Amino acid sequence: MISLADRITSSSKKSYGMYEQALRLEAEGVDLIHLEFGRPIFDTPDHIKQATIDALNAGDVHYGEMPGSTAFRSAIRDKLARFNKIDAGLDEIIVTNGLTQASYAAFMALVNPGDEVILLDPYYPQHVGKIELAGGRPIMVPLDRDNDFAIRADWIEQAITPATKMIVLVNPANPTGRVYSHEELAAVAEIAVRHDLAVISDEVYEMITYDGAEHVSIATLPGMRERTISMFAFTKAYAMDGWRLGYAVADKALMPGLMTISTSAVTHVNSFIQAGGQAALEQSQEPVREMVEEDRARRDIVISALAAMPGVTCPAPQGTIYAFPDITGTGIASQELAERILHEAHVVVEAGSFYGPVGEGHLRLCFGSETTERVALAMERLKAFFSSL
């Protein structure tokens with residue numbers, strides 16, 4: 001049996017990649033361009049900050065409603081109906097400290113020791129640590145690397161055992177940049193219904209899609225509303241990563257467990273920042289559209305530059321702020337290559353292997369974490385690096 005200490009140690013190893021190495025080098029005065037960290041370069045829109053300031057000045061500084069303020073949850077309910085096509089009651093929404101806390105509450109509430117949880121590989125590493133902290137066992141099911149990292153329902157089916165409890169879905173997908181099709185999601189839904197599995201749906205990049213790609217919330221598919229915990233955050237689309245503000249929506253039968261974990265951990269989310277979240281949802285969405293358009297422009301710079309680098313291929317991501325180039329043509333393992341790029345080109349990228357075995361042979365580059373000028377400079381450095389191999 002794995003001890004709690006071993007679980008915590010295992011979880012911590014999956015939380016960080018090249019970021020820690022970069023900090024040590026940066027402390028020595030090296031000018032690094034950070035393409036490893038999934039944070040937006042933008043400032044939070046002014047109207048969101050002003051609503052928060054107004055709430056603070058109005059004295060909204062005390063304990064509030066445990067699941068989140070009624071006004072904020074009402075705005076979330078309306079957004080879910082309008083954008084995600086999810087019909088939710090106020091008692092089916094809980095405000096959380098980012099999607100990170102939402103997923104922690106979901107895993108701790110639903111996963112029992114010995115339960116198996118299916119992750120699609122490449123996966124988001126933080127989910128692994130939380131599953132293990134809950135006593136569960138992560139089961140990696142590969143995405144179809146040769147078919148643009150498509151979901152293979154038959155591969156998921158083969159991994160299901162009597163111990164399988166849930167499937168974890170990240171859509172749009174980090175690190176691959178895929179936006180899963182309705183057909184792919186319908187195949188996952190059919191399996192979940194037939195095997196009576198829960199689904200954790202991480203949709204933090206829901207608003208960041210390109211070229212007409214359509215984001216579909218799996219909870220809207222037949223039989224999925226009652227078994228899906230859908231999780232969202234203001235982190236990426238509204239450039240609010242430091243605010244730590246998100247929410248989860250689930251059938252009311254699942255809410256007592258989520259509330260028990262959440263209130264035991266944090267009581268409730270900071271009161272006055274919920275006013276900022278409400279303003280984000282209820283006021284103009286033009287800042288979101290503008291930020292996504294800038295991300296698309298930086299994506300195009302990165303994809304065009306990568307195409308000219310020897311040993312590198314990279315399809316354009318359909319969503320997120322990540323490119324996931326294939327570097328197998330270099331003959332160098334992804335972790336070794338990421339470390340060489342750090343020390344020789346002074347660009348920080350993440351090794352594909354950080355996201356699981358199927359990620360090997362790839363790098364993850366975040367084109368949303370630096371200015372356009374710095375992203376272009378990073379591409380110049382990378383072109384010189386790959387040309388020298």
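The structure displayed is predicted, hence computed values, not measured ones.
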Q. When rounded to the nearest 0.5 angstrom, what distance separates CG in Leu258 from OG1 in Thr263?
A. 10.5 Å
Q. Which pairs pass ring-ring contact (aromatic ring centres under 6.0 Å, His included) with one or both residues in residues 165-202, sequence neighbours excluded?
A. none
Q | Pairwise side-chain contact, Val95 with His268, heavy-atom cut-off 4.5 Å (strictly under) | A | no
Q) For Asn97, what residues pass the side chain to side chain donor-acceptor pair (under 3.5 Å) criterion, not counting sequence neighbours? A) Gln101
(Q) Quick test of your reading: applying ring-ring contact (aromatic ring centres under 6.0 Å, His included), list the pairs with at least one residue in residues 287-312, sequence neighbours left out, ordered by first then second residue. (A) none
(Q) Assess, by modelled atom type and distance only, whether the side chains of Thr372 and Glu294 contain a donor and an acceptor separated by less than 3.5 Å. (A) no
Q) What residues, two or more places apart in sequence or in another chain, satisfy ring pair (Phe, Tyr, Trp, His ring centres under 6.0 Å) together with Phe107? A) His127
Q. Side chain to side chain contact (heavy atoms under 4.5 Å, CB included) with Ile229: which of Val199, Val249, Leu110?
A. Leu110
Q.
Can you list everything that forms a ring pair (Phe, Tyr, Trp, His ring centres under 6.0 Å) with Phe83? Sequence neighbours excluded, please.
A. none
Q) Out of curiosity, Lys130 NZ to Ser103 OG, how far, rounded to the nearest 0.5 Å? A) 2.5 Å
Q | Ionic contact status for Glu157 with Arg194, cut-off 4.0 Å | A | yes
Q: State the CE-CD1 distance between Met166 and Ile118, to the nearest 0.5 angstrom.
A: 11.0 Å
Q) Who else is in the cluster with Met291 when I, L, V, M, F, W and Y are joined by side-chain contacts under 4.5 Å? A) Ile41, Phe42
Q: Using ring pair (Phe, Tyr, Trp, His ring centres under 6.0 Å) as the criterion, list what pairs up with Phe234, not counting sequence neighbours.
A: Phe72, Tyr238, Tyr247
(Q) What's the separation between atom CD1 in Ile33 and atom CD1 in Ile341, rounded to the nearest 0.5 Å? (A) 12.0 Å
Q: Is it possible for you to check whether Arg299 lies under 6.0 Å from the centre of the six-membered ring of Tyr210, through NZ or CZ, and within 45° of that ring's axis?
A: yes
Q. What residues, two or more places apart in sequence or in another chain, satisfy side chain to side chain donor-acceptor pair (under 3.5 Å) together with Glu28?
A. none
Q) With distance as the sole criterion, is a donor-acceptor pair present between the side chains of Asn270 and Gln274 under 3.5 Å? A) no
(Q) Nearest 0.5 angstrom please: Thr164 OG1 to Ile156 CD1, how far? (A) 11.0 Å
**Q.** Listed once per pair and sorted, the side chain to side chain donor-acceptor pair (under 3.5 Å) pairs that draw on residues 376-389, sequence neighbours left out
**A.** Asp31-Arg381
**Q.** Residues that Asp87 engages under side chain to side chain donor-acceptor pair (under 3.5 Å), provided they are two or more places apart
**A.** none
Q | Donor-acceptor contact present, side-chain Arg178 to main-chain Ala173, <3.5 Å | A | no
Q) What's the spacing between Thr176 OG1 and Gln318 CD if we round to 0.5 Å? A) 8.5 Å
Q. Residues in side chain to side chain donor-acceptor pair (under 3.5 Å) with Arg39, at least two apart?
A. none
Q. For Phe324, which residues count as a ring pair (Phe, Tyr, Trp, His ring centres under 6.0 Å) partner, sequence neighbours excluded?
A. Phe149, His362
Q: Look at Arg227 together with Asp196 and state whether they make a salt bridge at an N to O cut-off of under 4.0 Å.
A: yes
Q: State whether a side-chain donor-acceptor pair under 3.5 Å links Ser334 with Ser353.
A: yes
